[in-house]
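Positions are given from 1 along the sequence.
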Amino acid sequence: MRPADRFAARPVIRGTGLVAVVAGISAVVTGLALPWTLSGSRHPDGVTIAGIVFLGPLLSGLCVAYARTEPRRFRLTAAVAAVAGLAATLVAIGLARLVEPSAGVGLGGPVTVAGAAALTLGWLLAVAGGPGALPGSARPWLTVAATAVVLAVVAGFAVDYAREGRFVDATTAGDPPAAGEQTWPLPYVGVQLVGVHDQLAIVRAEDGIRAVWLASGAIAWRYLRSDLPTQTAGLVDGPAGGTVVVVFGTDDGVLVTALDAGSGQVRFTQRYQAGKMASVHGAGRTVVLAGSGIGAGDLLGIDATAGTLLWRWTPARNGGPCDITDLATTAVTVAVALRCRAQGVDDVAVGLTATTGAERWSWHTIQRSPTELRVYATGDGFVTVTGASPRRAVYMDADTGTVGNRHDAAGALAVPAAGGLLLYAEPSGERAHLTAVDVRTGAVKWDVGLPGLGSYQPLAATTAADKAYILWRGPDGRLRLIGARTTDGGATEDRTITCTTRCPEVALAAASTHAVVATREEKGAELYLSAT
């Protein structure tokens, strides 16, 4: 650069430095006023705030005033202000690093750091530009403005990275692999089989979510966090299609992230004050988060698209809290099964409006056994199941709670199927069988025997399209997956699932073309997946 060009550039450098100093001072003041943690909205102590203010905005103001009276010492004064700004930046960085990630990194710390860094950069530019006039025409100021915009964008990305990006390890899915024969089972880091979506099995681990291609066994996409542990996850069909909703625990509630099930793209991430969550359910355009058992805490209803909190409902009756024993949903109603003990044992099912959380109806039963109330969604209604022997099933309308026909449950394990059917799997030394009951009429639609399963016990069941899958455990610990058509009970498959030991924990999920069995050692950190 020629000497004349250097002199011509100095007003632009001085102008950029001035803008950076002013923006930095504003950002520091704003950052110190904003919360540094999302949990509890905590701020630094007063002494630390005073130190940052002195080293940053206050000393910069004093340096500006001194430079105006002693222009010959402009560079020295600017250097002193730059050193002080650097000290403020280091103090702010050190303090921001003390924020516990589980408390949530608020805007205050990163904005303060970005402001102190901008202030330091501004004074360094002032040293480079030296004393003199600011730009006198519009064109140099356009250059200054463009530079300021670039700095602001960079600062915005830096703030976002400091708050979220450094904790998140995420990828999205590419093209699906070619179909081929895969040898199962395969181990994956995980503690929960969330579900099956198209050609993917969704697995939750302590650090987040992974999706596995069933054609190859390779990881299709992942969303992991290093700062928060997961509590639960669910696969729901919302207005935008299949969505994986994963719940992370925080200091004062939960962080909920919704991901596109097929690609892994983030749809929303929001924090809510809540207790520990145990399950995720879809109810039309609402995602329902619920705890379980004693001290279950409030249910949350969240907009499935934007993550907005729609409602909060407390499971309580007669002046005392209730245990949540089960939950089922239709597109318009959330049915919650409760056991309340404020005035004796009261088992009750409560119907909530999915969009508002308002109570629509309630249904009480008197139980003569410790068996908890169960509730199943069957088309446009619900079936409650109570008792032990016999087990009584009652159909009720989802909108009004009107009670319909009753029937005796035909098996120890129940799973709803399309067409208003409830399928029952019953172990028996004489005749293990699978039975389909029309919940509206209580009539048996079909009943088929299951030869060779007399000593087996049903563990889990699920349905997808027109197929039902039931997982059975034999006396030696071996697992058998039985498939049947929901239309007539005709057999579709019968296969043995390999386990490394006795498969103490098992789960089952299915889509239209695949069923997946997950086994896990007690307290283990790996899931073994077997796919049909």
Side-chain angles (χ1 to χ4, degrees), residues 100-103 164 166-173 182-197 199-235 244-251 253-259 261 264 266 269 274-280 289-293 459-460 462 471 473 477-479 481 496-510 514-532:
E100 289 291 336
S102 59
E164 286 285 319
R166 60 189 169 124
F167 303 121
V168 176
D169 174 15
T171 62
T172 55
Q182 180 58 54
T183 302
W184 303 97
L186 291 175
Y188 298 91
V189 177
V191 295
Q192 176 193 355
L193 174 60
V194 178
V196 179
H197 174 77
Q199 303 295 315
L200 297 171
I202 313 297
V203 175
R204 176 181 71 90
E206 293 290 347
D207 59 350
I209 293 289
R210 294 170 175 84
V212 177
W213 287 118
L214 294 176
S216 66
I219 300 296
W221 58 262
R222 66 178 182 266
Y223 183 88
L224 313 177
R225 295 192 70 107
S226 62
D227 56 335
L228 302 172
T230 62
Q231 292 182 352
T232 187
L235 177 60
V244 179
V245 179
V246 55
V247 181
F248 297 89
T250 69
D251 277 1
V254 294
L255 181 145
V256 177
T257 298
L259 308 158
V266 176
T269 295
K276 185 175 181 179
M277 294 300 173
S279 59
V280 177
L289 308 183
S292 179
L459 301 179
T462 189
L471 189 64
R473 187 200 302 278
R478 289 185 301 172
L479 301 177
L481 182 65
T496 300
I497 304 299
T498 303
C499 293
T500 54
T501 59
R502 290 178 61 86
C503 310
E505 296 184 20
V506 300
L508 174 64
H514 292 281
V516 175
V517 176
T519 64
R520 175 175 174 245
E521 299 301 314
E522 187 175 1
K523 297 181 180 179
E526 279 190 331
L527 282 179
Y528 284 82
L529 300 187
S530 297
T532 61

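Sorted by first then second residue, the side-chain hydrogen bond (donor to acceptor under 3.5 Å, both in side chains) pairs that include residues 183-193, not counting sequence neighbours, are Gln192-Arg204. Counting only residues at least two apart or on different chains, the salt bridge (Lys or Arg N to Asp or Glu O under 4.0 Å) pairs with a member in residues 208-217 are Asp207-Arg210.
The structure places CG of Leu259 at 11.0 Å from OG1 of Thr172, a figure rounded to the nearest 0.5 Å. Note that the CZ atom of Arg225 and the CZ atom of Phe248 stand 6.0 Å from one another [nearest 0.5 Å]. Atoms OG and CG, from Ser216 and Leu186 in turn, are 9.5 Å apart once rounded to the nearest 0.5 Å.
Here the rule is side-chain contact (heavy atoms from CB on, under 4.5 Å) with Leu214, and of Leu529, Val196, Thr532 only Val196 fits it.
Within the 4.5 Å cutoff, side-chain heavy atoms of Leu471 are placed close to those of Leu479.
The side-chain hydrogen bond (donor to acceptor under 3.5 Å, both in side chains) test applied to His197 returns no partner, not counting sequence neighbours. Remark: Glu526 pairs with no residue by the side-chain hydrogen bond (donor to acceptor under 3.5 Å, both in side chains) rule, at least two apart or across chains. By the salt bridge (charged side-chain N to carboxylate O under 4.0 Å, His left out) test, Glu206 pairs with no residue at all, sequence neighbours left out. Residues passing the side-chain hydrogen bond (donor to acceptor under 3.5 Å, both in side chains) test with Arg222, sequence neighbours excluded: Asp169.
A donor-acceptor contact shorter than 3.5 Å links the side chain of Trp221 to the backbone of Ala261. Remark: the backbone N or O of Thr232 is not paired with any side-chain donor or acceptor of Thr230 at under 3.5 angstrom. Without hydrogens or angle criteria, Thr250 side chain to Leu255 main chain gives no donor-acceptor distance under 3.5 Å.
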